[in-house]
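Accompanying notes for the structure given below.
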Amino acid sequence: IAAVNFARSNRILVAIRGGGHNVGGRALCDGGLVIDMSRMKGIHVDARRKRARVQAGATLGDVDRETHVFGLAVPTGVISKTGIAGLTLGGGVGWLVRKHGLTCDNVLSFDVVRANGKPIVASATRNKDLFWALRGGGGNFGVVTSFEYQLHPAGTILGGLVVHPRDKAVEVLRFYRDFVESAPEEVTAYSILMTTPDGVPAVAMAACYCGDLVEGERVLKPLRAFGAPLMDAIQPMPFPQMQSLLDDAFPSGNQNYWKSAFLSKLTDDAIAAVVDHANRATSPLTGIAVEYYGGAASRVGAADTAFAHRAAEYDIGVLSQWTDPAESGRHIEWTRSLANALEPFASGAYLLNFLGADADRGTIRAAFGANYERLQAVKKKYDPTNFFRVNQNVEPAGER
């Protein structure tokens, strides 16, 4: 409250930092003030009511550490050092998405500091318009200082990686498509084109089954039996271990440039475009993730929350990484080339949390879809001067 009031009174630009995981750099600003909540990590679990109150500086790993004691989890992302705040406000997709929905679908209330410095609560019964907007509308409407989440059972899961050689990528992606589209909602599985730690180009299927383990063995058997994998590491594990399985692929300090595209269908031609570009990747640290959603997340109405893209079944995430800033040009060019190649297959929508710093106004608007004008109205009510603008910005209604 003091920081917001000070910045407003002195007309200082403000950025909001939660876990600080955003690769677009929107947690920081030059010549302004950063409200840094990364040390606000308080977490309280009410196991009887299956609820958790989480402060905005917590990471997914912080949350899992506390909820797993009770065999419970918040449906969040896939990298444990991701900040819970930014993930939630942009939607939030992870290992439990098909069974329990997006992270934002599991928020019961938000504690918010408005641009005028006043603290309020947004929930299904209080400030309902703001509650709607915060579930997928990004950091546009205030500083969210804590979140109340619905928890779900997720103690021991069956999950891990099955890795195949890169020359089998087309066959693996076609199998993956057929497998996930017929799999029960307890299964969330992604396919990832990447380079192994010892420098071998590969394609992996990463799966998480959050139900009965015996049934999970039966369900995942076709995935494990397909082809001749280089490695099959699927096994029972604590859910926090699944949540951190891919952490080493995203070390701190790397240069990052990400793109994504929603696809209604993963066609053979789209698969061919992805594999072709993956085979010409300019950095061995780069990965391409093919993510299938559906399930619980798709049963929420497009207008029920600010996250509008409920019908998009697939997201292709292009996650370019490299170490030398002097090489940025060619890696960025390759990333944009793949994004352009996906345009004929894409729905024209984007995953908000994957938008880079160079996303233009039209791209940001497309990320909010049909909900954009309603978000503008909420923005005008709660932040009419666009005080909170270091984000994927929604301009107040009436602004251009």
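Keep in mind that this is a model prediction, so the values were computed, not measured.
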Exercise. Is Asp248 atom CG crowded by more than 12 heavy atoms from other residues, nucleotides or ligands, each under 6.0 Å away?
Worked result: no
Exercise. Donor-acceptor pair, Trp258 side chain versus Gly24 backbone, under 3.5 Å?
Worked result: no
Exercise. Salt bridge or not for Asp105 and Arg299, using N-O below 4.0 Å?
Worked result: no
Problem set entry | Crowding at CZ, Arg330 (>12 non-hydrogen neighbours, <6.0 Å) | yes
For this session: Quick one: sort the Phe307 and His309 rings into parallel, tilted or perpendicular, breaks at 30° and 60°.
Result: perpendicular
For this session: State whether the number of non-hydrogen atoms from other residues, nucleotides or ligands found under 6.0 Å of Arg280 atom CZ is greater than 12.
Result: yes
Exercise. Has the side chain of Arg177 got a donor or acceptor atom that lies under 3.5 Å from a matching backbone atom of Leu266?
Worked result: yes
For this session: Kindly state each residue pair satisfying salt bridge (Lys or Arg N to Asp or Glu O under 4.0 Å) with at least one member in residues 336-357, sequence neighbours excluded.
Result: Arg336-Asp358
Exercise. Any donor and acceptor pair, going by atom type alone, linking the side chain of Ser298 with main-chain N or O of Arg310 inside 3.5 Å?
Worked result: yes
For this session: State whether the side chain of Gln321 and the backbone N or O of Ala249 hold a donor-acceptor pair below 3.5 Å, judged by distance alone.
Result: yes
Problem set entry | N/O donor-acceptor pair under 3.5 Å between Ser191 side chain and Ala204 backbone | yes
Exercise. Can you name the side-chain hydrogen bond (donor to acceptor under 3.5 Å, both in side chains) partners of His331, sequence neighbours left out?
Worked result: Thr282, Glu327
Exercise. Is the side chain of Asp360 donor-acceptor paired with the backbone N or O of Gly362 at a distance under 3.5 Å, no angle test?
Worked result: yes
For this session: With sequence neighbours excluded, tell me which residues meet salt bridge (Lys or Arg N to Asp or Glu O under 4.0 Å) with Glu333.
Result: none
Exercise. Got a second to check how far Met205's CE is from Ile234's CD1, nearest 0.5 Å?
Worked result: 8.0 Å
Exercise. Does Phe147 have any ring-ring contact (aromatic ring centres under 6.0 Å, His included) partners at least two apart in sequence or in another chain, and if so, which?
Worked result: Phe110, Tyr149
Exercise. Looking at residues at least two apart in the chain, or sitting in another chain, which of them share a ring-ring contact (aromatic ring centres under 6.0 Å, His included) with Trp132?
Worked result: none
For this session: Output the rest of the hydrophobic cluster of Tyr257: all Ile, Leu, Val, Met, Phe, Trp and Tyr residues reachable through side-chain heavy-atom contacts under 4.5 Å, sorted by chain and number.
Result: Trp322, Ile332
Exercise. How long is the gap from CZ on Arg166 to CE on Met194, to the nearest 0.5 Å?
Worked result: 8.5 Å
For this session: Answer yes or no: are there more than 12 heavy-atom neighbours, outside Asn10 itself, under 6.0 Å from its atom CG?
Result: yes
Problem set entry | With sequence neighbours excluded, residues passing side-chain hydrogen bond (donor to acceptor under 3.5 Å, both in side chains) with Asp304 | none
Exercise. Counting only heavy atoms not in Lys168, do more than 12 fall under 6.0 Å of its NZ?
Worked result: no
Exercise. Side chain of Thr145, backbone of Val112: donor and acceptor closer than 3.5 Å?
Worked result: no
Problem set entry | Residue pairs passing the side-chain hydrogen bond (donor to acceptor under 3.5 Å, both in side chains) test where at least one lies in residues 52-63, sequence neighbours excluded | Lys41-Asp62, Arg53-Ser109, Arg53-Ser146, Thr59-Asp62, Asp62-Arg65
For this session: List for me each residue that meets ring-ring contact (aromatic ring centres under 6.0 Å, His included) alongside Tyr293, sequence neighbours excluded, and say none if there are none.
Result: none
Problem set entry | Qualifying residues under salt bridge (Lys or Arg N to Asp or Glu O under 4.0 Å), relative to Arg49, sequence neighbours excluded | Asp46
For this session: Output yes when a side-chain donor or acceptor of Tyr176 lies under 3.5 Å from a complementary backbone atom of Val290, and no otherwise.
Result: yes
Exercise. Cut-off 3.5 Å, side chains only: do Thr267 and Asp269 have a donor facing an acceptor?
Worked result: no
Problem set entry | Pair Ser337, Asn340: side-chain N/O donor-acceptor within cut-off below 3.5 Å | no
For this session: Go through the structure and list residues passing salt bridge (Lys or Arg N to Asp or Glu O under 4.0 Å) with Arg374, not counting sequence neighbours.
Result: none
Exercise. Do we see a donor-acceptor contact under 3.5 Å between the side chains of Asp383 and Asn140?
Worked result: no
Problem set entry | Residues clustering with Val14 (ILVMFWY side chains joined when closer than 4.5 Å, directly or via others) | Ile1, Val4, Phe6, Ile12, Ile16, Leu33, Ile35, Met37, Met40, Val113, Val143, Phe387, Phe388
Exercise. Rounded to the nearest 0.5 Å, what separation is found between the CZ atom of Phe354 and the CD1 atom of Ile316?
Worked result: 11.0 Å
Exercise. Is the side chain of Arg135 donor-acceptor paired with the backbone N or O of Val107 at a distance under 3.5 Å, no angle test?
Worked result: no
Exercise. Can you check whether Ala367's main-chain N or O pairs, donor with acceptor, with Tyr372's side chain at less than 3.5 Å?
Worked result: no
For this session: Using a strict cut-off of less than 4.0 Å between a Lys/Arg side-chain nitrogen and an Asp/Glu carboxylate oxygen, indicate whether Arg365 and Glu373 qualify as a salt bridge.
Result: yes
Exercise. Less than 4.0 Å between a side-chain N and a carboxylate O, is that true for Lys99 and Glu186?
Worked result: yes
